[in-house]
Number of protein chains: 2
Amino acid sequence: MNPAKRKRLESRGWRIGSSKEFLRLSEQENAYIELKLALAENLKKRRLEKKLTQVELAKLLQSNQSRVAKMEAGHPSVSLDLLVKSLLALGTTKQDIAGIILQE
Amino acid sequence: MNPAKRKRLESRGWRIGSSKEFLRLSEQENAYIELKLALAENLKKRRLEKKLTQVELAKLLQSNQSRVAKMEAGHPSVSLDLLVKSLLALGTTKQDIAGIILQE
DNA sequence: TGATTTTATGTCAAATATGGCATATAATTG
DNA sequence: CAATTATATGCCATATTTGACATAAAATCA
């Protein structure tokens, strides 16, 4: 919906937020969560490939084992920033990261 | 790193101490910042394509104009999470996002 | 030009993410 | 099996990110 139209409707008391928009909200939420889980799983995959324990990876990241566990689980308390920085610390390239995001 | 790039980062609020310290920005730190700036610039591009003002986009995101300005500037106070969620809110697909990350 | 709109920048309280820590559970080893 | 190692989960004080707000600066318009 274009902004001008939205403004017209809203000024007349309409509350925008069609069911279509509502559904798109959950689509967005879903895409965000999927993205995070893909990064999380890949982090674990790379750690195992390097034969590191969570404690060892935590030390590398200047973090701690419990946070690594939460990262690999894609826990809600873990940010994309931390996931991406952690992947980069393991030598992941942006080409790799793009590939991870594309995974189905 | 060339002076133009440094100026580009500094002008966007990245606090860089001495040039020596700046040169010590590790490859991963640099990759992280580049990634963020690529997403930031794309967010602005998409907003303009949709002919939205920052105020209008802010409303869409349930945020505010000043934060949209900071997002588009790739300001350090803006998280990857917020950037990605905002792009998704503008209809950006994960394929799109992967493409943005790959951009050189 | 001056008025209006749009964007940039700074501050702040509240919300969220973080490392550190304790401890539980699971997996491995001997 | 028990002992050891590895991972998961919960809590908390601190740090970072957030929306909200004020206002400055820049761009657009009439």
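Note on naming: letters A, B, ... go to the chains in the order of the sequence lines (proteins, then strands), and numbering restarts at 1 for each one.
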Quick one: pull up CD in A:Q28 and CG in B:L90 and give me the separation to the nearest 0.5 Å. 8.5 Å
Interatomic spacing from NZ in B:K70 to OG in B:S77 - rounded to 0.5 Å: 5.5 Å
Starting from [atom2] on [N], measure out to [atom1] on [X] and report it in whole angstrom.
{"X": "B:K59", "N": "D:dC21", "atom1": "NZ", "atom2": "P", "result": "14 Å"}
{"X": "A:L57", "N": "D:dT5", "atom1": "CG", "atom2": "C1'", "result": "17 Å"}
{"X": "B:K45", "N": "C:dT7", "atom1": "NZ", "atom2": "C1'", "result": "20 Å"}
{"X": "B:Q62", "N": "C:dT16", "atom1": "CD", "atom2": "P", "result": "13 Å"}
{"X": "B:M71", "N": "C:dT7", "atom1": "CE", "atom2": "P", "result": "13 Å"}
{"X": "A:L80", "N": "C:dA17", "atom1": "CG", "atom2": "P", "result": "10 Å"}
{"X": "A:L82", "N": "C:dG20", "atom1": "CG", "atom2": "P", "result": "12 Å"}
{"X": "B:H75", "N": "C:dT7", "atom1": "NE2", "atom2": "C1'", "result": "14 Å"}

Which nucleotide sits closest to the side chain of [X]: [options]?
{"X": "A:S77", "options": "C:dA8, C:dT18, D:dT18", "result": "C:dT18"}
{"X": "A:T53", "options": "D:dA6, C:dA8, C:dT18", "result": "D:dA6"}
{"X": "B:N64", "options": "D:dA20, D:dG10, D:dT7", "result": "D:dA20"}
{"X": "B:R67", "options": "D:dG10, D:dT18, D:dA22", "result": "D:dT18"}
{"X": "A:S79", "options": "C:dA8, D:dA8, C:dT18", "result": "C:dT18"}

Quick one: does A:E72's side chain have a donor or acceptor within less than 3.5 Å of a partner on A:A69's backbone? no
Is there a side chain to side chain contact (heavy atoms under 4.5 Å, CB included) between B:K36 and B:S79? Walk through the geometry before answering. CA-CA 8 Å; B:K36 219 161 129 174; B:S79 71; over 6 Å; no
Taking donor-acceptor contacts at under 3.5 Å, does the side chain of [X] reach the base of [N]?
{"X": "B:K70", "N": "C:dG10", "answer": "yes"}
{"X": "B:S66", "N": "C:dG10", "answer": "yes"}
{"X": "A:Q65", "N": "D:dA8", "answer": "yes"}

Is the CD atom of A:E49 crowded by more than 12 outside heavy atoms at less than 6.0 Å? yes
Does A:S63 place a side-chain N or O at less than 4.0 Å from the phosphate oxygens OP1/OP2 of C:dG19? yes
Assign B:V78 to base, sugar-phosphate, or nothing according to its heavy-atom contacts below 4.0 angstrom with the strands shown. sugar-phosphate
